[in-house]
Structures are given as structure tokens and as C-alpha cells.
Amino acid sequence: MRTLTKLDGDSRRARRELHNHIQGSGPLARHTVDSAGQRQAGSSCFHESAEKHVTGKASYIDDLTLTAGALHVALGLAPVAHGTVTTLDLSKVKQAPGVIDVITFNDVPGHTDIGPVFPGDPIFVDQEISYAGQCLFAVAATSLQAARRAVTLAVISINEQPASLDPVAATEREEFVRPTHTQSRGDWQQTLDQAEQIIEGELFVGGQEHFYLEGQACVVHPTEDEGVIVHTSNQHPSETQKLVAEVLDIPFHAVTVEVRRMGGGFGGKETQASPWACIAAIVARRTGKTVRLRLPRSEDMRATGKRHPFHNRYQLAIDAHGVIQGGDITVIGDCGYSPDLSDAIVDRAMFHTDNAYSLGNARVVGHRAKTHTASNTAFRGFGGPQGMMIIEAAMDDIARRTGEDPLTIRKRNFYRDGRDVTHYGQQVDQRQLLHTLVETLENDSRYWERRNAISHYNATSSVIKKGLALTPVKFGISFTAQHLNQAGALLHVYTDGSVMINHGGTEMGQGLHTKICQVVARELGLDLEKVRITATRTDKVPNTSPTAASSGADLNGMAARDAASKLRERLFDFAAEHFAEGLDREGMRLEDGMLVAGLGESERRVPWGELVQTAYLNRISLSEKGFYATPLIHYDRSTGQGRPFYYYAFGAAVAEVSVDTLSGEYQVDRVDILHDVGDSLNPAIDIGQVEGGFIQGMGWLTSEELKWNEQGVLISDGPATYKIPTFGDLPAIFNVALLEGHPNSMASLYRSKAVGEPPFMLAICVWSALRDALSSMTNYTVSPHLDTPATPERVLLAAQALRKSSL
């Protein structure tokens, strides 16, 4: 395995090698810029806004210039998790200096429920408070300081009631935001009854704060036709358009939503960017003024949902070799107070309870528990990571039961010929890639050599224990809601030959816009510099899907390709008829900024600029729209069977850790990753996604702990109390490579695979390695219980429990 990034102390050399890799030169280069200097799809190039990012020229919502007299909004949030409002006296608020308007539930002109899929999300509290941080009212003032000072003058009386904060207890009381769902295959109960051995376990998987660098923010301008233009940091502009229109009681076409870029999203701006746009839009229409609303970090964290915490349980039948024959798995998602996207999130957790392993005859049950917390929402992986955790825990537990190495048990249980159908009825295509990936990584990372060295080390070290784990990832790609698997694009070619592309996806730093530009450049045979992208706008490409589910490039790239290929064919038809030399239509192609026809001595070339100018003068349209809908996917909820995913992305990672068993402190010493992206659209960007996803996943499983007090108030509401990974948490050795030579077997965009979410789950190897280190305290005979996040406190408690059990 070739190292693409290695942070081993020589940071200058690492940076130089990475720079050379991106530029397509040096010892790490694998996808070089072609001889003509064209940086099209399949080659490495910088993010289209990279220079703007590092120089500060990139504009975010708070950078937008406001018109004269613009207003600023501050919010009044509920201080308790559950109760009834008995008094909401805002008279002093309205009289405060600088205050122009104050709005509550009764001031909403249209819909008051802005639930994105199912009802249950009031824009303001009417009477019942469902979580601490729920919005009671909004204040618009001439300055942000004036608005925030005015909020504190509200007189609020609340009849506080007990809050439900335990999702397991809520499940026992059958308090759900959506009905329970079940998937099953084969006679799982008979398999358990006849099992050689049964192994059981349970695991709490903690939630996660999105902690995007740019918080929830929007700017809304009223228009002359009773509508609004909404600038927002938002992953789903079309949904925000719909909700703003419904709240204002105006047609959808009266609302235009624009997103140029986000300072991070990770799912936190898929549904939960809309409420703030709706509030700002109401104020803008009432006052006729431009309105800015930006949540401070602490309010952002209290008012918005997180990654769903999960309580998972398993009961598995295994044979003498540790191979799963079947079983029963239950996942309980803590959904918060409303449905939001929880139905689909818990479904995806259920889909991924197998990860890379055949469950045999199995049942998977998913509960959607209702609690008095902010409605939990989308987060990178969308439930998949939480579902995978329980089967990865089981793999380690089976290994300790059978006395085998965990990697051996994992490999025995991989999907394979004869056992290649999931518990929801989908055949696992390219399943052999699991074996190829793991065997390659196993050899290149020297897994067994290091395993022996670590075992010897642990035998002689009484305090510091080392751990090693290799875990795989199999992640399904597609929206599980079939109708969301569609995308559109709009392409313009101008008479100077420059190209403008617009599509329905949004840029949150992941490089989507860069890849789309590369696609268009490839289809039209142009240098990337010829292609520019514009802000995502609902008046350019309508009815778009959210940029989520790792499908941004798959869907929007195919739509852009469709538009470019249709325009290209139109130009070919025109050229074949127009040019006097009689160009050969059959063999036409666009390359190196030229229209090329024929071969050898009969080859004819027309510069791109001349072709475009001539087409324009002959009244040939130079604009085209594109569309794409993912084929084959379907899922029947009544039977729990179907093909919810177009394809699977695979990956594997090895982590080595050192644990101080007397303090619980630990460090991640080394990580090796080999990841499958098919034929990469942009290796440089994909490597970055793998690295970033892994580190974010590592934070979820180790340091990022959400804490509420007994009254249900979030107390980890800022960087002082909520710890995301920092540079100092990076592994000392961090090797990342993309699997080559294995294109996607499905007809995806240039046979590539999605890269946004799958790498996140590679970080499970860190948690498994921590358990491995702890298990060495019992000579690998006991599998320690270790909930996540595996903070030093939890690691210490696990170590103490192992010592106590050995007495």
C-alpha cells in the first residue's frame, strides 16, 4: 500500500509530498495532469474555492453586505425541557431600544408546522415546550446587540413538567415519533433455538454535535412581488423554498433560495437550516427590510439536533468457528421530540447492522424513541455508523469467546458466494472487494507481525497496554427514499467559449462543485479553467434533492454530464452539416479545446471558440438542461425487503493505540487506511474526504461527549465543554491510500464511487483497538464493555471492571 499522507514528524516533507501528489508529480503521484494540462474528471486538482478559502476571499453568510436599514434577529429560547407556557409577556421587549418587530407563534401568516417529512416541528412554541432550546419568540432590531439585549427582557412563566430523557424507558412505554419497523430473513428464531452457541451483548452509542465552522445563518431580502430571496447556509435549498413559502402563505415561485457555499454542514443543515430562514422571512415580509439571522454557537448547539444516540442489543447464533448462523438485533434511536428525518435514519441503521458480514437468518428491529431533547437529525453516515457499531462489537465479543484473533473472526463472517444476500434482501455486488481490501491492508500494514509484537509487549507491560484492530466498511449508496434519487443541471456556453454550469447540489467544502466542473470539462474536452460554477439557486434548477447520502457527485454529476453530452451532440450535428470540408460525424470528438473529426491525414480540427461562435451565428442553442434518476433501487417497507442501494462502497482501516490503564488516557499511534472509491473523480479531494471523515469519526467515538443535566438542558454547549479532535489528536503515523484497479460495477459517474460518508465508519477501528488493549489485561479472554464515546473516564472504568472481575 502506498502512503499518500504520512504525519510522522517530518511535516515539511509530508506537506511537500502531498503538494506534489495534488499537482500530479513526485513519488506519491498516481493521477497526473494530462499532457495538455487539462484537469478533467479523474485527475487531481485543487478545490475550486481553495485559494478563496485560505485568503479569506470566500464569502459566507455573515460576509454578505446588507442593505441600509437591515435588521438583525435574536431568538428567545425555552429554558426547560418540558412544560407549558403560562405567561409570555413581551411588552418590555417591544419597547427596548432599537427593536423594530417581535414575532411569536400567533404572527405566522401560513403554516406553523415546518416538519420536513412528517408534522411535529412548530416554528415557535404555542403552549407546550418539548425541549430546552425550543424557540419561543424572535426579536428584530437595528443591531444584533440590541436584539440580544431585548430578548433578556421577556417575562416568561412556565409550568415545568418531568422530562423524558431515556430512550430505552421511552421504548418500553411505546413512546415513539414513528412506528417501529422490522426487517427479517429466514427463520431466525429456529436458528437461535438450535444454535451451537449463543452470544449476547448491548452497547450505548453516543450522539455527536455537527460543530460546523459556520453556524446556522441566513440573510433574507423582501422582493417587490411579495416574495423573498433567501441566502442561507443550507444543504437542501428546495425544501427551504417550500417551507418558507408555506409559512408565508405564498406560492413556491415567489421564494428564491441561494447557496454559494457552506462553512461545513455534515447533515446539520439538511433540515435544520430551514427554521431560521422561515423566521427571518416572516420578519422581512412584515417590515419590508433585509433581515440577518445568525445563531451564536451556544444557542446553535442547544436549538438544533445532533447525531442520534443509539441503544443497541444483539443475540446471535454462532458455530464452533465463530461464524454467525443467525440472530436478533434491536436498535433504539433517540430521536428527540419530533420525527424530523428519524424514520429514514433508523432505517439506515437497520440496513447497516450487518456491515460487511452475513447475518444468516436474522431479524433486525428498529425503534424510534421520543424524548424531550432537540429533534435529532442527519449526520454524516445517517444512522449507518450507529448500526455498524453493534455488529463490530459482536465480532470482538465472538473472538474473545472462541479464542481467535478478531480479524480472523471478521474474515470468516464476510459476505461471500453462497452467503451474499443481506437481511433486507439485497445481493452484495463486488463482495470480493471486501476480501481484496482487507487482505491487501492486512499485508501492507504488517498486521500479524505487529499483532505478535503487541502481544509480547503487553505481556511485559503492567500499565501501558497496546491494542490493534482492523475493521471493514460496507456502506450502501443512495437515498433510501426513492424519490430523492434525482438531480438536475443547467449548462450555458457563451460566445467566447466559456462555460457556466449550475446544478442542484450544494457545496459545503467537500469539493462537489470542483468535481462537477471537471465532469463538464471532460465531456466538452476543455481545460478546467474554461468552466465555472454558479451558486445553487432554486430559480435555476428546481425541485432538487438535499446534498446528502453521499450522493452529491453521483446525482448532480450525472445530470451535468447529461446536459454537456446533449449539447456536445447538438454541436456535432451542426458541425457535420455546416463546415464546408464535410466533417465526419461518426468519429467526432472534443479534446484539447478542439472539435476533432477523422483520423490520420483526414483529421480535421476546429477550435472550440470558433465552433461556438459559428454555432451562435447560425442560431444553434448553446444552453442545455440535464437530468438524472438513479435506476434499479426500490424498497418495500411492508415486507422489509428490496434493493435500497444502487451500490456499496467498501473500505478498511487498521488502528494501533496505547492505553494507560491506571488513568484511562490513551493515544492513537498509527492508522492505515485503504478505501474504495471506484475510479476516483479527483484523487486529491477524495483523499481529503477519507482523512477528514476518519478523524471526524474518531472524534465521535472517543472525545465528543454530549451531556445534559437532569432537567434536560444541554451543558456541553461550546468548545470549552465539547471536545472535537484537534491536530494533536492525529495519529503519529497516518497512512491513507485509495484502492486502484477496481471500478464501480454499476453504471455510475465514470465508474466512480461516493466518498462523503463511507470513510467516517473506518474510525470504528480506533474504538475496537481500545477494546483490544483493554482485553489484553485478561490475556484476551474477556471482551470489555465500552460504550461510546470512549472517553478516558470510560476507558478507566472499563479497566477497573476488568481488574475487579479477575480477582
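Keep in mind the model is a prediction, meaning the values are calculated, not measured.
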Parallel, tilted or perpendicular: ring planes of H53 versus Y60, cut at 30 and 60 degrees: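 Geometry flag for Y60 against H53: parallel rings.
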Is there a side-chain contact between [X] and [Y], using heavy atoms and a 4.5 Å cut-off?
X	Y	value
T377	E270	no
D126	T112	no
R286	I103	yes
F176	T171	yes
S238	V257	no
E209	L706	yes
V108	V247	yes
I533	I516	yes

Scan side-chain atoms only and decide if [X] and [Y] contain a donor-acceptor pair under the 3.5 Å cut-off.
X	Y	answer
S233	E214	yes
N234	T240	yes
H47	E507	yes
S164	H372	no
S59	R260	no
D347	T480	no

Hey, can you pull the donor-acceptor pairs under 3.5 Å for the side chains in residues 134-159, sequence neighbours left out?
residue	atom	partner	partner atom	Å
Q134	OE1	S130	N	2.7
S143	OG	A146	N	3.1
T152	OG1	R149	O	2.6

Criterion side-chain hydrogen bond (donor to acceptor under 3.5 Å, both in side chains) on T287 and D101, from CA distance to verdict: CA-CA 8 Å; T287 63; D101 198 10; over 6 Å; no
Trace of the side-chain contact (heavy atoms from CB on, under 4.5 Å) decision for S342 with H308: CA-CA 8 Å; S342 292; H308 290 59; 2.7 Å; yes
Face-on cation placement of R302 at Y131 ring, 6.0 Å and 45° thresholds: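 The answer is no, since R302 fails at least one limit relative to Y131.
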Would a distance-only check, ignoring hydrogens and angles, find a side-chain to backbone donor-acceptor pair under 3.5 Å from [X] to [Y]?
X	Y	answer
Q208	Q696	yes
K269	G264	yes
N376	G305	no
D300	L295	no

Partner of H513 under side-chain contact (heavy atoms from CB on, under 4.5 Å), chosen from T506, I501, T536: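 So the option named by the test is T536.
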Residue from V85, V713, I129 passing side-chain contact (heavy atoms from CB on, under 4.5 Å) with V80: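 Going through V85, V713, I129 one by one, the side-chain contact (heavy atoms from CB on, under 4.5 Å) with V80 is satisfied by I129 alone.
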Inter-residue atom distance S550.OG - F479.CZ, 0.5 Å rounding: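 So the OG of S550 and the CZ of F479 are separated by 9.0 Å.
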Validation row, ring centre F760 to ring centre W700 under 6.0 Å: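 Yes, close enough.
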Verdict with reasoning, N556 to K515, per side-chain contact (heavy atoms from CB on, under 4.5 Å): CA-CA 10 Å; N556 297 286; K515 290 182 176 180; over 6 Å; no
Evaluation steps, salt bridge (Lys or Arg N to Asp or Glu O under 4.0 Å), between E705 and K723: CA-CA 7 Å; E705 186 170 25; K723 299 298 183 182; over 6 Å; no
E757 vs R380, salt bridge (Lys or Arg N to Asp or Glu O under 4.0 Å): CA-CA, chis, key distance, verdict: CA-CA 6 Å; E757 292 171 304; R380 198 174 195 168; over 6 Å; no
Contact list for residues 88-99, test salt bridge (Lys or Arg N to Asp or Glu O under 4.0 Å), sequence neighbours left out: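 Pairs touching residues 88-99 that pass the test: none.
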Residue Q161 excluded, over 12 heavy atoms near CD under 6.0 Å: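 Yes - once you tally the heavy atoms of other residues, nucleotides and ligands closer than 6.0 Å, there are more than 12.
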side-chain contact (heavy atoms from CB on, under 4.5 Å) between Y722 and K707, intermediate numbers included: CA-CA 9 Å; Y722 186 82; K707 297 291 287 184; over 6 Å; no
Residue pair D62, R292: steps toward the salt bridge (Lys or Arg N to Asp or Glu O under 4.0 Å) verdict: CA-CA 8 Å; D62 226 25; R292 169 172 279 158; 3.5 Å; yes
Derivation and outcome, side-chain contact (heavy atoms from CB on, under 4.5 Å), residues V220 and V244: CA-CA 11 Å; V220 179; V244 168; over 6 Å; no
